[in-house]
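Data first, discussion second: the structure below is written as structure tokens.
Predicted model only: the values in this text are computed from it and were never measured. All values below were derived from every heavy atom in this structure, side-chain atoms included, with hydrogens, water molecules and symmetry-related copies excluded. Here, residue 1 is the first one in the sequence, and each next residue gets the next number.
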Amino acid sequence: MDVSAIQTLEAAAQMLMAPPNVVTSEQRHQAESVFLEFRSTKNPYQLCREILEKSSSNYVLFEAAGLLKAALIREWRLLSQEDILSLREYLLNYLLRKDNPPFLREKLLQTIAIIIKRGSIDDSGRERKALLSELEKIILSSTINQQKLACSLILAIMQEYAITVKSADVGLIWEVHFRLKKSFENIDLKRIFRFTVEVLGQIVRSGHRPEGEQAMLTKQLLTIVETVLCWGQVSPLLPKRLIGAFEAIYESDTAPALRLNSSWRDTILQPELISLFFDIHMYVRCNSELANPSMTCLVQLASLSGVVVSDSNLKQQYLENYVNRFLNMMSNVQPVEREMLGIADIYRRLVQFFTPAMIAASPLALLQNLTTLTCHCIRGSVIEEGVNDDTVWRESLNRFLHTWSSLVHDTDGYSNETLQNPCIEVFNTYLQCRLAPPDGTRGTESNDGCNDDIKDDIEEDERKHHSNVLLIIGAIARKAPAHCCHILFSLLQDRSKRLKGHLQLMHMGKMPVSSGEQLISLFEDLHWILMITGHFLAVDCTEGETVMIPPEIIRYSLLENANIDASLRYLVGDSISPDNVDSVLRLVGETLRISSWECAALDAGLGAVFSPELSATMSWLLKIWANSYLMPQPTLYSEMSNVFECAWGRQSSGTGWTLARLVARAATCLRHLASQPPAAQHALQLLTTLAYIQD
């Protein structure tokens, strides 16, 4: 091809890239025709070589690279093995000797990868093996730019083999894609992993900080290893539809578990390998671009499963080694904000892929560290709510709580005695962060004056926003029922007295109604105490689920063996002495007292100072509590507290009294708060629940 032809393409490119006011639509149409004709060129390989060597137009270079790829796929069966090999060698040499723009480099790398994949149909991966050997030599001994290029080509090859159902159309049916993928997995995936890990080990041992070009190379090596550990290992026995579903998971934000076959045992189960990955993370953690793929590798290694660890002893040994190295790292670092999500995922993966008994047999420091990190995230998430739109702390907390949910519900994991103190620490921290001083720290966490005090116009979404966290906090609290009952009752009793005092002063005219702002902090405290109490006493089930009194609450009541008469007298208000009263009835009794102060305030015309949000929270608590406790079905329980039976059983007079109090409360709220949607909605739901219970 002569220089004038290249100039014609470059001139057409200039027309296409020029602003609309510089060229006419006819000129642009002529330029488009030039490239339409260019894209249909047959046997364009020599032509494209000349363009790559001689053209200075990025647009023309991009079109030439695209034509190479398209023609290669289109004319593959017409090309000789010598032509294909010559083209592959040329493209690699071209990339190694020229500093190309990223768009061109990536397109040509993909073309080489396609050549390798298509060629492996006939040569069973022989050329792929030879190319990998060549790339390994480049990584070990060439300039850093060539090393980075070699890494990029390895990644391009891996990407070409990674997907089957959704692979780019390169003229192969999906069954062939899948067969080639499995062949690549069996022959070369472990080889790439071992080589790359070895190079990363050399970089770590060099002691040089990852900076500049060295950091970029390290990132590419980490990305290769990350890709291997996130590889979608799909069984060849699955139908195409299920393979597609699995690959949708592979492409999602959450990588699939690290499921490996037995051929990986000589690599993945080596204690030195796990140690090296933690050393790598310690080496790169100060660089966020390197720390992210490094942390992903640690998360994936925490999910090791499949045939490779089908022997329980091997799995136990692997877990012990992993946990020891993890705890060693945690004892030497103070995790930064960006690491918290990854660390939370490590815990989540460990409890998901290793049995509860194995987790419970791990060093106690694993649980202690989880407790410390969870409390740290609770504090961070509360601060985050008030100062910015970031969600790192909240997302981290949700993931840590996911782990706690597993731990507190597993029956063959940690004992209740082991979990009790950690659960108390998490519960106390959450409660303190939600209460105002002196009992808590709400409003003292930041210096910008932000506070989350409850306001009349807070939307119902605020309660739903915290429901998942509170659900697990409630489950955690039930692991230490004595402590949590005592704390919640003390707080409710104190706030109840303060509320009663404020409302009485307003009613007697000794405190102006306009001073109701003083109640905001009190209302906010009560809002959170009641929400936590509700999730502690009952599980807020979705429609269709069987509602029951939590077994931990029943066992605690049985263990207390409180005086039935004293408990019932306290519940209905005939006694104010909490001595020898069942702790659960004390909580319910104090809640009903607060409800009575609220109703009295509404009837006295003080609705303007009372919080509709607090009213909604009270109705919500009484609804979920009544749904579980009032007239429980004996057939659902293997054991039941005598106090509960006497207070709320089907034949108990206490049930009628309680139902009457709750119906009256709901009616009062509907009468006075009809214009406040959240409060009215929850009062109506309470009334509906009570009607269902009576039926």
Centroid-centroid under 6.0 Å between [X] and [Y] rings:
| X | Y | result |
| --- | --- | --- |
| Phe354 | Tyr322 | no |
| Phe610 | Phe523 | yes |
| His409 | Trp404 | no |
| His535 | Trp620 | yes |

Measuring from atom [atom1] of [X] to atom [atom2] of [Y], what distance do you get when rounded to the nearest 0.5 angstrom?
| X | Y | atom1 | atom2 | value |
| --- | --- | --- | --- | --- |
| Leu537 | Ile549 | CG | CD1 | 10.0 Å |
| Leu690 | Arg661 | CG | CZ | 13.0 Å |
| Leu602 | Leu670 | CG | CG | 11.0 Å |

Between the side chains of [X] and [Y], is a donor N or O closer than 3.5 angstrom to an acceptor N or O?
| X | Y | result |
| --- | --- | --- |
| Gln300 | Arg349 | yes |
| Arg394 | Ser381 | no |
| Thr403 | Ser406 | no |
| Asn627 | Thr689 | no |
| Glu560 | Tyr556 | yes |

Ion pair check, Lys500 and Glu590, cut-off under 4.0 Å: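 No, this pair does not count.
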Can you tell whether the side chains of Arg665 and Glu598 come within less than 4.0 Å, N to carboxylate O? yes
Within-4.5 Å side-chain heavy-atom neighbours: [X] and [Y]:
| X | Y | result |
| --- | --- | --- |
| Pro335 | Met340 | yes |
| Thr296 | Asn292 | no |
| Trp625 | Thr658 | yes |

Looking at every non-hydrogen atom in both residues, tell me the closest pair between [X] and [Y] and how far apart they are.
| X | Y | answer |
| --- | --- | --- |
| Arg442 | Arg434 | NH1-O, 2.7 Å |
| Ser615 | Cys669 | OG-SG, 3.6 Å |
| Leu492 | Thr591 | CD1-OG1, 3.9 Å |
| Phe489 | Pro578 | CZ-CB, 4.2 Å |
| Asp582 | Ser567 | N-OG, 2.9 Å |
| Leu673 | Ala680 | O-CB, 3.5 Å |

If you apply the rule salt bridge (Lys or Arg N to Asp or Glu O under 4.0 Å), what do you find for Arg586 with Asp579, and how did you get there? CA-CA 10 Å; Arg586 286 199 300 171; Asp579 296 338; over 6 Å; no
